[in-house]
Amino acid sequence: MLYSQKRPADKRADFRAALASGELQRFPGAFNPLSARLIEQKGFDGVYISGAVLSADLGLPDIGLTTLTEVATRAKQIARMTDLPAIVDADTGFGEAMNVARTVQEMEDAGLAGLHIEDQVNPKRCGHLDGKQVVDENTALQRVRAAVDARRDPNFLIMARTDIRAVDGLAAAVDRAKKLVDAGADAIFPEAMASLDEFAAIRAAVDVPLLANMTEFGKSELFTVQQLADVGMNLVIWPVSLLRLAMGAASRGLDELENAGRLTGLLDQMQHRADLYDLIDYEGYGRFDDSVFTFTVER
Ligand SMILES: C[C@](O)(C(=O)O)[C@H](CC(=O)O)C(=O)O
Ligand SMILES: [Mg+2]
């Protein structure tokens, strides 16, 4: 009922232990607080909060137009809805190194378990688009150092994402991953890897947790959880998948409404009211009412 009863510090500690377990952690992307609750109900390991989803939700392209305030506010609404750890896409950190430091503290205060900061130039673009540019090594490392220095909870995960593979190739990605770990990154997100072998190459180069991005319609083949576990990945995200599925269903619903004038033909594809009420724990609110508002007054 209401929000997660689990303290952010405990979510972070449990998340660190899960990463250390060697079991691949599965983090589907939530597109709103309710879908975070569904991800938890379905038994996944955590919630990913996607920058592309938050920008699309505002009807904006994923080119760095969202503000720290918008992202931190929405990330808090999503993270507090689940006992699972939630990690957020912090793009390039919303400015220079000092801005990265503020971003980390805002996301910690929002109850996140961690974030990733990428080495693209500003304005960034979706990691699966062509024409990306990355910042020089010093700037990339400065962002990570600022993030690590700024956090208050040592369990708050600072993940460094590098987009350099698309710009300078795999060898550059291996080299930058090593440098980012040396700068203090707790984990690495090698963006837009082209094959399992490329994931394996990063795996062989660094000894921190690695994230695999299984986003649709991009540059990465969509490997299975088992394939990614077999090459030593520690975390896998499907960042935009639930939004894509929801919008696809909404589009089909509007077509049905246009063509049939009602939606009775799609009822079996809808989330039933009972399932929605279960997900939101209406019963819990009912118990609360009984305990607080249903009382007798002695005369
Ligand atoms: C992971 C990502 O950064 C995101 O914002 O979710 C995107 C996902 C996408 O655009 O499909 C990315 O890979 O750049
Ligand atoms: Mg993103």
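Order of appearance sets the numbers: ligands from 1, and atoms from 1 within every ligand. For the numbers below, each heavy atom of this structure counts, side chains included, while hydrogens, waters and symmetry mates do not. What you are looking at is a predicted structure, and each value in this text was computed from that prediction instead of being measured.
Here the shortest heavy-atom distance to atom 12 (C) of ligand 1, taken over Glu191, Arg244, Lys124, belongs to Glu191. Counting heavy atoms only, Thr215 comes closest to atom 11 (O) of ligand 1 of the residues Asp91, Asp163, Thr215, Leu129.
Using a 30° and 60° split on the angle between ring planes, Tyr277 and Tyr282 fall in the parallel class, below 30°. Using bins of under 30°, 30° to 60° and over 60° for the plane-to-plane angle, the ring pair Tyr48/His116 lands in the parallel bin.
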Legend entry - Residues Leu38, Leu279; criterion side chain to side chain contact (heavy atoms under 4.5 Å, CB included); working and verdict: CA-CA 7 Å; Leu38 184 62; Leu279 195 56; 4.1 Å; yes
Legend entry - Intermediate values then yes/no, salt bridge (Lys or Arg N to Asp or Glu O under 4.0 Å), Glu256 and Arg252: CA-CA 6 Å; Glu256 176 80 358; Arg252 287 188 294 276; over 6 Å; no
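With a 4.0 Å heavy-atom cut-off, ligand 1 is reached by no atom of Val53. Using a 4.0 Å cut-off between heavy atoms, Glu216 makes no contact with ligand 1 at all. Using a 4.0 Å cut-off between heavy atoms, Lys219 makes no contact with ligand 1 at all.
Rounding to the nearest 0.5 Å places OG1 of Thr103 at 5.5 Å from CZ of Phe94. Atom CG of residue Asp91 and atom SG of residue Cys126 lie 10.5 Å apart, to the nearest 0.5 angstrom.
Residue-ligand proximity: Phe217 is placed with every non-hydrogen atom at 4.0 Å or more from ligand 1. Under the 4.0 angstrom criterion for non-hydrogen atoms, Arg161 is in contact with ligand 1. At a 4.0 Å cut-off, not a single heavy atom of His116 sits close enough to ligand 1 to count as contact.
Distance from atom 10 (O) of ligand 1 to its nearest protein heavy atom, with residue and atom name: Cys126 SG, 3.1 Å. Ranking protein heavy atoms by distance to atom 6 (O) of ligand 1, first place goes to Ser50 OG, 2.6 Å. The protein non-hydrogen atom at the shortest distance from atom 14 (O) of ligand 1 is Gly127 N, 2.7 Å.
The hydrophobic clustering, which links ILVMFWY residues whose side-chain heavy atoms are closer than 4.5 Å, places Val104 and Met98 apart.
Checked against the 6.0 Å centroid threshold, Phe15 and Phe156 do not count as a close aromatic pair.
Screening Leu211, Asp45, Leu228 for a side-chain contact (heavy atoms from CB on, under 4.5 Å) involving Leu235 leaves a single residue, Leu211.
For ligand 1, the atoms lying closer than 4.0 Å to a non-hydrogen atom of His128 are 13 (O).
At a 3.5 angstrom cut-off on N or O pairs, Ala52 counts as close to ligand 1.
The atom of Asp89 nearest to the Mg ion (ligand 2) is OD2, with the search restricted to N, O or S atoms.
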